[in-house]
Amino acid sequence: MVRGKLILICQHGGEFETKDDGSMLYAGGEAHALDISPETGFDDLKYKLAEKCNLELKSLAIKYFLPGNRRTLITLSNEKDLKRMCDFHKDSVTADVFLTGKAGFVPANHGMPAKRKKKATAARPATSKVAPSAGGLKDVTISIATPSDSVAGVNAALRSPSRAAKRTAGRNIVDGLFEVSVADATDTDTIDMSASPADTVKKRRRTASWKRAANGLTIVTVDDNLEETEKTPPRKKVARKFNPIVVANNGDHQLGPVDGSVEKQVESWKNGITEGQDFRSVAEFRDALQKYAIAHRFGYKLRKNDTNRANAVCAVEGCPWRIHASWVPSASVFRVKMLHEPHTCGGESWKIATPAKNWLVNVIKDRLRDSPHHKPKEIATGLLRDFGLELNYAQVWRGIEDARQQLQGSYKDAYNQLPWYCEKIEKTNPGSFTKLVIGDDKRFQRLFLSFNALIRGFQSGCRPLLFLEAIPLKSKYHEILLTATALDGDDGIFPVAFAVVDDENEDSWHWFFEQLRSAVSTSRSLTFVSDRDKGLMKHVLEIFENAHHGYSIYYLMDSFIQNLKGPFFGEGRASLPGCFLAAAKAVRPGGFRMYTEQIKRVSSSAYDWIMQNEPEYWANAFFKGEHFNHITLNIAEAYANWIEEARDLPIIPKVEVIRCKIMELMELRRTESSNWTMKLTPSKQEKLQEECVKARGLKVLFSSDTLFEVHDSSINVVDIVKQHCSCAMWKPTGLPCHHAVAVFNCTGRSVYDYCSKYYTAESFRLAFAESINPASTIAHPCGNEEDSEEDEDQIMPPSISRPVAAQQPKKIRRNKSQGIIRRSVCCTRCKGVGHNKVSCKVSL
């Protein structure tokens, strides 16, 4: 975060005006100055801003501009966004924020956090030298016509591929039209910034993903924790929150936060029903009766239960407790006419009490809003602690399923919207490629998606290299996500295409390659990289002409380590992974043999494993395609992190999460690269600088205008026309080696003219030049026309039953007398077999 305090210039009451170049000005209104520090919490800041500007807390929206970019408004909606904004403005003294919301601040405790990190303080009136105040709170009102255009630049840091899409809350922008994540929103909106803030900001309630609207299922903005792509907290460590239940005044039994603890609320339910009490409907009476029973810890049965009357008795036979209520037409109320309160069951009815389904679903739904991935066991524990209800796993699981269906929409219905969804994607992103396959039994089989921006970016700015991955979607129908991912000029991931299939097998991969060939039509010779165990080579070479196929070094390394078996000699087991990686990266056959011989001296079985795993498809010394062994990260990890927080969503919201993440990734890298001043991407510029340092002091001899001899510890020949050096390090890396750099220094040539075009900043910008357009509100238009025909074309989800896995041979436990063969132990002290160094008795 910032080193000291940051002064926020909080502007509200004005309107945005769009210039001809697409940048925006904020005209009119007034502003307040407010100090924040690294310890300031978001909830405290939001409360203070609402109080100072007399805005309703729930409807308050906070936005700001990235430094140097007046076209993009970023939403501030949680702690991560606040830290991100402070990081962006770490070189600034002030930062402009823009507030919108309903007028009228209500000072109340509800909605405020129980604990605050550190209060935000109002800044002292501005003087010639800004000095943050450490004392009391003072308001500074400033009349403004237009905001200051001077903003500090962003010192863009290098990002790793796994967290490249993490740092921005604003979605992809297309000159004033963009998708915004609003903290209390239930929809992903397309906002035109030429409109006034009053036209674009509405009072909303946050949900996890989907909401059923008047026009059907509507996709909503996913909470900001979906943007955590680098590290996803374990599900068991997710902090639990609870908003107690209140009955809405309109009788809809909605949930919302209330003052006080759960215990106080339950205590208030004890007086929720009295004889002669009136209710507006039988539903309101049932809800009050459920809370009354929980507060008094007893169970009941409804003997009569319709819209005109309700009669309940204690769940234990013989207990005299009973209640009778009925509708009174003359007063238009539902009245309690008899309540016999004493219980004689001694609490036995509480042991068999089961809460009403609607009440239970509402409680669970409220908890899922705060933490969408609560496990049934965690919710059951919370219900027992808060309400004394002891429910079994099945009851809670059914409640969770119903609650998620109300929050997110039906899992099954989402498949029926896929044809419309594909049409919507192609309409909002012309040139994109979609393909949906439905089986003869009307069940979903496959969905392929490749956006036009990704296709054009891959063709114009990325190497002809694609990594193939399969990632489980972790859904109830066990779909698999197939992906084809390229690398940008800075070795960051660049998604090209993805597909959702009902099962990962040779047929689904073959189909995926056919769609990929249709989407990415290119004359370049492509190199595909995949896990060796998947056996995809024959399909790749069958569908793509002049293609190459290699084995992922990430999976090979994992398999190599798992297959290491003793005995080990020499430097021991710990040296083998490093030697294996060095052998893979060696550019000459001699270097490969040198490292494999080292492996052989330590473990002959490890050497045999390497030779059996076809080095010609993964070792740089023998591989004929685009070199890829410098990429040792797990490409699938980024997708897995994106999916993790969306695993409980139906298929269309899940695909939308992936689309939004890619959209954010494109915008973030486009913004970062716009500030680059070097000719190469940052990582390649750094490597080239290292080669330039090594080139100092080398002796260069001229053979001709294009052929040179360079002397260091050995003699190397450099041919600048063929871009080749006898050290064999130029072509594989795409960057001139230090021998070539020494030649360029002597001949006055520019080293940048001999770098691969894919590593230039210009190619990087070309790759991210296109935008993935927002898909507007993803909601299938509901209507009752031709319902009978639509029912016939219903798309069903995949079969839940998973294919039976190949049966593993059953392990047989045997004792020593049965001749069990145990793993051999190697002593690192004497190199003997059958003991370790602790029990070694050999005298050296």
All side chain to side chain contact (heavy atoms under 4.5 Å, CB included) counterparts of [X], not counting sequence neighbours:
X	answer
Arg601	Glu597, Gln598
Asn716	Asp712, Ser714, Cys725, Ser726, Cys727, His739
Val751	Leu688, Pro736, Val741, Phe744
Asn634	Glu469, Tyr554, Tyr555, Ala636, Glu637

Pairwise side chain to side chain donor-acceptor pair (under 3.5 Å) hits with a residue in residues 558-574, at least two apart: Asp558-Gln562, Ser559-Asn563
I'd like to know if the side chain of [X] reaches the main chain of [Y], judged simply by a donor and an acceptor atom lying under 3.5 Å from each other, with no hydrogens or angles considered.
X	Y	result
Asn836	Ser839	yes
Thr527	Glu626	yes
Thr747	Val743	yes
Thr485	Pro495	no
Thr596	Phe592	yes
Arg670	Phe768	yes

side-chain hydrogen bond (donor to acceptor under 3.5 Å, both in side chains) between Asp531 and Ser552, worked out: CA-CA 5 Å; Asp531 184 0; Ser552 170; over 6 Å; no
Salt bridge (Lys or Arg N to Asp or Glu O under 4.0 Å) assessment of Glu762 paired with Arg765: CA-CA 5 Å; Glu762 181 182 0; Arg765 295 188 185 102; over 6 Å; no
Minimal non-hydrogen separation, Leu735 against Tyr759, with atom names: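 For Leu735 versus Tyr759, the nearest heavy atoms are CD2-CD1, 3.7 Å.
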Least distance between heavy atoms, Phe528 atom then Leu526 atom: CE1-CB, 3.8 Å
[X]: what forms a side chain to side chain donor-acceptor pair (under 3.5 Å) with it, not counting sequence neighbours?
X	answer
Thr483	none
Gln685	Gln689, Tyr752
Thr677	none
Ser603	Ser605

Audit row: Arg669, Asp488, salt bridge (Lys or Arg N to Asp or Glu O under 4.0 Å) steps and yes/no: CA-CA 10 Å; Arg669 295 188 179 173; Asp488 60 33; 2.7 Å; yes
Do [X] and [Y] pair up side chain to side chain, a donor and an acceptor below 3.5 Å, judged on atom types alone?
X	Y	result
Glu514	His510	yes
Gln723	Tyr754	no
Thr760	Ser763	yes

Check: Phe498 ring centre within less than 6.0 Å of Phe448 ring centre: no
Below 3.5 Å, can you tabulate the donor-acceptor pairs from side chains in residues 540-549 to any protein atom, sequence neighbours excluded?
residue	atom	partner	partner atom	Å
His549	NE2	Ser530	OG	2.9

Salt bridge (Lys or Arg N to Asp or Glu O under 4.0 Å) against Glu504, all qualifying residues, sequence neighbours excluded: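 Listed in chain order: Lys534.
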Parallel, tilted or perpendicular, as decided by the 30° and 60° cut-offs, for the rings of Trp618 and Phe580: tilted
Check: residues 449-459 side-chain donor-acceptor pairs under 3.5 Å, at least two apart:
residue	atom	partner	partner atom	Å
Ser450	OG	Val496	O	2.8
Arg456	NE	Glu770	OE2	3.3
Gln459	NE2	Ser521	O	3.2

